[in-house]
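What follows is a set of notes on a single structure, which appears directly below.
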Amino acid sequence: MEEQERLYHHTRYEVLEQIIKEDGVSLRGSYFEKFDNEDYKWTKCNCSPIIKKICEDKGYEYSDDSPYQPIIISFCKESNSGYMWENYADNYKGVQIILDYEKVYSSAYDKLDYLDECVYIEGEQEIEDYLGNHLRNLRQICVNDYQYNLEALSGFIKKPNFAVESEIRYIHAWPYMFKMHPDGQGGCVIEETKPDKDDKECYVLFPKKALLGLSLGCESEHTLEEVRSLLHDRGYN
């Protein structure tokens with residue numbers, strides 16, 4: 001992926017107070033299977049047999065009862081996407097949250113989660129080539145499970161008609177969250193925990209310094225002073 005300095009998250013104005021916290025930027029991820037048939041279910045249906053084939057060809061175990069059920073947070077890599085403003089920011093009544101790519105990537109790395117650009121493909125051979133060739137670029141999580149990592153990689157595959165979104169996805173490895181801490185001997189210990197969640201959502205807190213700014217939609221400019229006050233009260237410059 002070309003060098004990316006910023007990420008853009010579009011949302012409704014009324015949820016901004018729930019996102020801008022005193023201790024960081026809290027974004028709600030959606031349980032991947034909550035997405036409609038044009039998105040996750042299409043990806044799973046088309047990728048599962050290819051993942052099975054790759055695992056069998058390479059001699060790795062494959063299970064039809066995979067526990068992989070990720071949480072997704074969506075970003076856009078384009079700063080001026082009318083499509084995102086219309087469809088995800090309440091038709092210009094909402095806000096665009098601007099985040100530092102490296103800070104978000106570092107946060108994902110520390111949690112052993114994934115952050116990468118989506119690809120827009122649908123042919124069987126295209127999907128197989130992508131999964132086979134790009135796995136080495138995806139940092140494996142703590143479980144050395146070939147199927148699991150292929151499934152994580154498949155989360156970045158979307159149908160070509162979604163290309164207008166220019167999406168970068170944060171993928172949290174549902175239903176587990178992994179933490180790393182020093183082992184006292186120069187190495188790290190990986191601890192598996194349950195995330196704070198309900199059945200459909202997971203909130204990921206990104207560091208305060210990840211927030212670079214906010215843009216208001218042309219239909220929400222009257223909220224400028226409210227936004228300034230919110231940022232000030234919660235300790236943002």
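For clarity, every value in this text was computed on a predicted model and none was experimentally measured.
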All N/O donor-acceptor pairs, side-chain side in residues 229-237, below 3.5 Å, sequence neighbours left out:
residue: Ser229; atom: OG; partner: Asp233; partner atom: OD2; Å: 3.4
residue: Arg234; atom: NH1; partner: Glu17; partner atom: O; Å: 2.6
residue: Arg234; atom: NH1; partner: Ile20; partner atom: O; Å: 2.6
residue: Tyr236; atom: OH; partner: Lys21; partner atom: O; Å: 2.7
residue: Tyr236; atom: OH; partner: Gly24; partner atom: O; Å: 3.1

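- Annotation: the span from Ser81 atom OG to Glu86 atom CD amounts to 8.5 Å, rounded to 0.5 Å.
- At distances below 3.5 Å, at least one donor-acceptor pair connects side-chain atoms of His9 with backbone N or O atoms of Ser74.
- Criterion: ILVMFWY side-chain heavy atoms under 4.5 Å apart, direct or through other members. Under it, Tyr109 and Val104 are part of a common hydrophobic cluster.
- Annotation for Leu99 and Leu211: closest pair CD2-CA, 3.8 Å, computed over non-hydrogen atoms.
- For Lys103, the salt bridge (Lys or Arg N to Asp or Glu O under 4.0 Å) partners at least two apart in sequence or on another chain are Asp100.
- The heavy-atom pair separating Ile98 from Arg6 by the smallest distance is CG2-CD, 3.8 Å.
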Inset, instruction - For the pair Tyr105 and Leu7, evaluate side-chain contact (heavy atoms from CB on, under 4.5 Å) and give the outcome as yes or no after the intermediate values. - result: CA-CA 10 Å; Tyr105 180 84; Leu7 295 172; over 6 Å; no
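- Rounding to the nearest 0.5 angstrom, the gap separating the OH atom in Tyr92 from the CG atom in Leu216 is 14.0 Å.
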Inset, instruction - List the steps and the verdict of side-chain contact (heavy atoms from CB on, under 4.5 Å) for Trp85 and Ser215. - result: CA-CA 11 Å; Trp85 276 107; Ser215 293; 4.2 Å; yes
Inset, instruction - For Lys58 and Glu56, run salt bridge (charged side-chain N to carboxylate O under 4.0 Å, His left out): C-alpha distance rounded to whole Å, both residues' side-chain angles, the deciding distance at 0.1 Å, then the answer. - result: CA-CA 5 Å; Lys58 292 185 175 294; Glu56 290 176 346; over 6 Å; no
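- Val25 has its side chain within reach of Ile19: a pair of non-hydrogen atoms, C-beta onward, lies under 4.5 Å apart.
- Leu131 places a side-chain heavy atom less than 4.5 Å from the side chain of Ile54.
- Residues Cys118 and Ile168 have side chains not in contact (no heavy-atom distance under 4.5 Å, counting atoms from C-beta outward).
- Clustering of Ile, Leu, Val, Met, Phe, Trp and Tyr by side-chain heavy atoms under 4.5 Å joins Tyr83 with Met84, Tyr88, Val164.
- Side chain of Gln96 to main chain of Ser79: a donor-acceptor pair is present (N/O by atom type, distance under 3.5 Å, no hydrogens or angles).
- Residues Glu226 and Tyr13 bring a donor and an acceptor atom of their side chains to less than 3.5 Å of each other.
- Side-chain atoms of Tyr114 and Asn149, non-hydrogen and from C-beta on, do get closer than 4.5 Å to each other.
- Phe206 and Val95 fall within a single hydrophobic cluster, where Ile, Leu, Val, Met, Phe, Trp and Tyr side chains are chained together by heavy-atom contacts under 4.5 Å.
- Taking NE2 of His134 as the reference point, atom OG of Ser154 lies at 14.0 Å (rounded to 0.5 Å).
- Ring geometry for Tyr60 versus Tyr146: interplanar angle under 30°, hence parallel rather than tilted (30 to 60°).
- The environment of Lys208 atom NZ is dense: over 12 non-hydrogen atoms of other residues, nucleotides or ligands sit within 6.0 angstrom.
- Using a 4.5 Å heavy-atom cutoff, the side chains of Tyr120 and Lys159 are not in contact.
- In this structure, OG1 in Thr43 is found 7.5 Å from CD1 in Ile127, a value given to the nearest 0.5 Å.
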Inset, instruction - Show your working on side-chain contact (heavy atoms from CB on, under 4.5 Å) between Lys77 and Tyr8 and close with a plain yes or no. - result: CA-CA 6 Å; Lys77 66 178 183 178; Tyr8 303 91; 5.8 Å; no
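- By the ring pair (Phe, Tyr, Trp, His ring centres under 6.0 Å) test, Tyr62 is found to be paired with no residue, residues two or more places apart in sequence or in another chain being considered.
- Taking the salt bridge (Lys or Arg N to Asp or Glu O under 4.0 Å) definition, one finds that Glu22 meets it with nothing, sequence neighbours left out.
- What you find for Arg12 and Asp90 is that their closest heavy atoms are CG-CB, 4.3 Å.
- In the hydrophobic clustering of ILVMFWY residues, with side-chain heavy atoms under 4.5 Å counting as a link, Ile73 and Val15 come out together.
- In this structure a side-chain-to-backbone donor-acceptor pair under 3.5 Å is present from Thr223 to Ser220.
- Every residue two or more places apart in sequence or in another chain that forms a salt bridge (Lys or Arg N to Asp or Glu O under 4.0 Å) with Glu128 is listed here: Lys53.
- Using a 4.5 Å heavy-atom cutoff, the side chains of Tyr130 and Ile157 are in contact.
- Between Glu165 and Cys76, every side-chain heavy-atom pair lies at or beyond the 4.5 Å cut-off.
- We find the NZ-NE2 distance between Lys93 and His222 to be 10.5 Å, quoted to the nearest 0.5 Å.
- The distance from atom CZ of Arg228 to atom CG of Leu214, rounded to the nearest 0.5 Å, is 11.5 Å.
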Inset, instruction - Could you go through the side-chain contact (heavy atoms from CB on, under 4.5 Å) check for Tyr170 and Ile72 one step at a time? - result: CA-CA 6 Å; Tyr170 179 104; Ile72 299 296; over 6 Å; no
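- Smallest separation of non-hydrogen atoms from Trp42 and Glu122: CZ2-CB, 3.6 Å.
- Contact annotation: the side chain of Leu115 approaches that of Tyr101 to within less than 4.5 Å [non-hydrogen atoms, C-beta and beyond].
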